[in-house]
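A short worksheet on the structure shown next.
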Protein chains: 2
Amino acid sequence: MADPLDPRMFDPVCPSSAMPIQIGDKWTAMVVLCLEGGRRRFTELRAPLRGITPKVLTQTLRAMERDGLITRTAYDENPPRVEYELTALGRSLLALIAAARAWSKDHLPALLEAREAHDDSPRARRPLR
Amino acid sequence: MADPLDPRMFDPVCPSSAMPIQIGDKWTAMVVLCLEGGRRRFTELRAPLRGITPKVLTQTLRAMERDGLITRTAYDENPPRVEYELTALGRSLLALIAAARAWSKDHLPALLEAREAHDDSPRARRPLR
DNA sequence: CGGAATCCTCTTCGATACTG
DNA sequence: CAGTATCGAAGAGGATTCCG
């Protein structure tokens, strides 16, 4: 159907982890991007979402299914096979994710710079504890 | 400077609380919207953000100041007066918030409908516990 | 292969009370 | 007025192990 997902698709070194925009829960936007190119199997999704445990991936997929963002198709085979696919509603999030990425491309460096400058300043006002 | 903020600005009855898009932490986007019309004082912000405790508002404002989204200006008066104002970086979030609101206007009803239909279905697959 | 069951930590948020 | 200081509850997320 589509090429295998690149395991480095979401490199943790990338500062996108500091991105102040979140769609759904922690992994939702990444799942949407993984499914952008077509349907994928459970294990296929685990590769680019490095570090995600099966429990959390299941939770994420269930919540997305509940909200009508994806569909789940189980094939009665052995070994079992399950495929997830974006719905039209799920695909509607792609534009929003693109907007968030565009904001990050344009402004995240400034945010991180401000943060660093603040953290390096001894006079800076500190968070409450 | 500007008109008083409407205490019903963020009506909790509005399903925007179910919006699957979040900017910063829970209150960040609302603070940005409160500051859209100009600088505001601490207590002024508490009215529309109903239910926020001073501690949490302080945390939110501190984090936003650290990230260069707002500036804080304290006047040496008695009683004290402090004003918060959006920076250019903070204003850059307005477009993103508008995009999120537009998505919600167009698609949130479908999401909530899917959720309800799913929850009403006895055969539906339930979240992990 | 695609999960489920269990346990646990960490952060976030809120309630309450007090202060310069 | 504009915060601080504590305390506590809750839930998200993760580690580990096991199953049809």
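This one's a predicted model, so the numbers in the text were calculated from it and none came from an experiment. In what follows, chains are A, B, ... by sequence order, proteins preceding strands, each numbered from 1. Only heavy atoms go into these numbers, but all of them, side chains included; no hydrogens, no water, no symmetry mates.
In this structure, A:R62 contributes its side chain and B:L128 its backbone to no donor-acceptor pair below 3.5 Å.
Look at CZ on A:R81: it is 13 Å from P on C:dC1, rounded to the nearest Å. Atoms OH (A:Y84) and C1' (C:dC1) sit 11 Å apart, rounded to a whole Å. Going from atom CZ of A:R40 over to atom P of C:dG3 covers 17 Å, rounded to whole Å. For the pair A:K55 NZ and C:dT9 C1', the computed distance is 11 Å after rounding to whole Å. With rounding to whole Å, A:Q22 atom CD is found 11 Å from C:dT12 atom P. As rounded to whole Å, 10 Å separates atom P of C:dG2 from atom CG of A:L57. In this structure, NZ of A:K26 is placed 15 Å from C1' of C:dT12, rounded to the nearest angstrom. Look at CG on B:D25: it is 14 Å from C1' on C:dG14, rounded to the nearest Å.
In this structure, A:R8 CZ and A:D6 CG are separated by 4.5 Å, a value rounded to the nearest 0.5 Å. Put simply, CG on A:L111 and CE on B:M64 are 10.5 Å apart, with the number rounded to the nearest 0.5 Å. Here the OG1 atom belonging to A:T28 is positioned 11.0 Å from the CG atom belonging to A:L33, to the nearest 0.5 angstrom. Here B:R39 contributes atom CZ and B:T71 contributes atom OG1; the two are 6.5 Å apart, rounded to the nearest 0.5 Å.
Boundaries of the chain B contact region on DNA chain D are D:dC1 to D:dC7, first to last in 5' to 3' order (nucleotide atom under 4.0 Å from a heavy atom).
Among C:dT16, C:dG3, C:dC1, the nucleotide with an atom closest to any side-chain atom of B:T53 is C:dT16. Side-chain atoms of B:P80 lie closest to C:dG20 of the nucleotides C:dG14, C:dG20, C:dG3.
Enclosure of atom CZ in A:R115 by more than 12 non-hydrogen atoms of other residues, nucleotides or ligands within 6.0 angstrom is indicated.
In this structure, a donor-acceptor pair under 3.5 Å is present between the side chains of B:E83 and B:Y75.
Across the interface with DNA chain C, nearest-nucleotide mapping of A:R62 and A:P79 shows A:P79 to be the residue nearer the 5′ end. Comparing B:G51 and A:T58, the nucleotide of DNA chain C nearest to each residue sits closer to the 5' end for A:T58.
Using a 4.0 Å heavy-atom distance criterion, B:R46 is classed as making no nucleic acid contact. As judged by a 4.0 angstrom heavy-atom cut-off over every strand, B:R72 is placed among residues touching the sugar-phosphate backbone only.
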